[in-house]
Protein chains: 2
Amino acid sequence: MTTKVLPLLEPEAVAACCPPLSERPLTAEEAERTAVMFKALGDPVRLRLFSLVASHEGGEACVCDISDVGVSQPTVSHHLKKLREAGLLSSERRGTWVYYRVEPAVLAAMGQLLTRAAAV
Amino acid sequence: MTTKVLPLLEPEAVAACCPPLSERPLTAEEAERTAVMFKALGDPVRLRLFSLVASHEGGEACVCDISDVGVSQPTVSHHLKKLREAGLLSSERRGTWVYYRVEPAVLAAMGQLLTRAAAV
DNA sequence: ACCTTGGATCGACGTTCGTCAACATAGACA
DNA sequence: TGTCTATGTTGACGAACGTCGATCCAAGGT
């Protein structure tokens, strides 16, 4: 099996990516891109980290605010990177601390993929 | 590390499971349960299989209708089992063929987890 | 300059995952 | 009963994943 290099997912690329899951079958390429996002939320620790950022004021949080999820600091950093690579979070350094933000457009696109699939 | 036995997810259990991701941080248990569903959609082949079922007439399809995704028949069966265990699909044997159906309630719950998280 | 602190990266480890060939099982039909 | 076809199950293998300790880099404070 060949290992494909998946580029970072841009918000607008995701939004324009795919129709609701029930409209038509996803192509192999569409499925490949979309699966990256779902996989990123498919780990309990990442889901908690993401929820911590999303529920923080302004949809933004310093790593120091959210790193108490029961795993080591390198592991937290590793998971945040995965969420960033999937396009679900963006990060920015401001002075001493690094802040993570949710990408609302990507989130909304994933949501519509599912909710509009439910209305058959 | 202890391996937890995750029971099959009932549709109503999922719907009542978790608030939108931005409302409050998920607890460890909530994250554990929810991650199972996202992980199930976190594989390209499973995503295509799911989309094939969801887009088929009536939200229902025979295995024979959807097994052309480029992997062997045992692999298709394996992935369908994963989707069933995650509560996203249900299966029923009718005579010779086995039919898979989407679980709209679970799908809608996952969608709201995301879309309502986007409206911060 | 030096030290401290926040966060990312590296290297290694055990586990889980995706895949297949081989086999098993369940109906339908003769 | 027996045979054919449609699916599920098993066992094995390599790849990917989650985790950690050790290390490194960037910013601030002394």
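Nothing here was measured: the structure is a model prediction, and the numbers come from that model. Sequence lines set the chain letters: A, B, ... in the order given, protein chains first and strands last, and positions in each chain run from 1. The figures here come from the full heavy-atom set of this structure, side chains too, leaving out hydrogens, waters and symmetry mates.
The 12-atom threshold is not exceeded at CD of Glu57(B), counting heavy atoms of other residues, nucleotides or ligands nearer than 6.0 Å.
In this structure, Arg93(B) has no salt bridge (Lys or Arg N to Asp or Glu O under 4.0 Å) partners at least two apart in sequence or on a different chain.
The CZ-P distance, from Arg93(A) to dA26(D), rounds to 9 Å in whole Å. Here dG18(D) presents its C1' atom at 13 Å from CD of Glu32(B), a figure rounded to the nearest Å. Distance Leu49(A) CG to dT19(D) C1': 14 Å, rounded to the nearest Å. Taking atom CD of residue Glu85(B) and atom P of nucleotide dT9(D), one finds them 9 Å apart after rounding to whole Å. As rounded to whole Å, 13 Å separates atom C1' of dG18(D) from atom NZ of Lys39(A).
Taking for each of Thr96(A) and Lys81(A) the nucleotide of DNA chain C with the nearest heavy atom, the 5'-most of the two is the partner of Thr96(A).
Taking 4.0 angstrom as the limit, Tyr100(A) places a side-chain polar atom (N or O) nearer than this to OP1 or OP2 of dA8(C). Taking side-chain N and O atoms only, His78(A) has no distance below 4.0 Å to OP1 or OP2 of dC20(D).
Between the side chains of Thr115(B) and Gln112(A), no donor-acceptor pair is found at a separation under 3.5 Å.
DNA chain D is contacted by Gln73(B), Pro74(B) of residues 68-76 of chain B, taking any non-hydrogen atom closer than 4.0 Å.
Side-chain atoms of Val45(A) lie closest to dT19(D) of the nucleotides dG18(C), dT19(D), dG8(D). Comparing dC17(D), dT19(C), dA8(C) by their nearest atom to the side chain of Lys82(A) picks out dC17(D). Which of dG18(C), dG7(C), dT19(C) sits closest to the side chain of Cys62(A) comes down to dG7(C).
In this structure the side chain of Leu80(A) reaches within 4.5 angstrom of the side chain of Ile66(A), judged on heavy atoms. For the pair Lys82(B) and Asp43(B), the minimum side-chain heavy-atom distance is 4.5 Å or more. Side-chain contact between Tyr100(A) and His56(A): absent, with no pair of heavy atoms (C-beta onward) separated by less than 4.5 Å.
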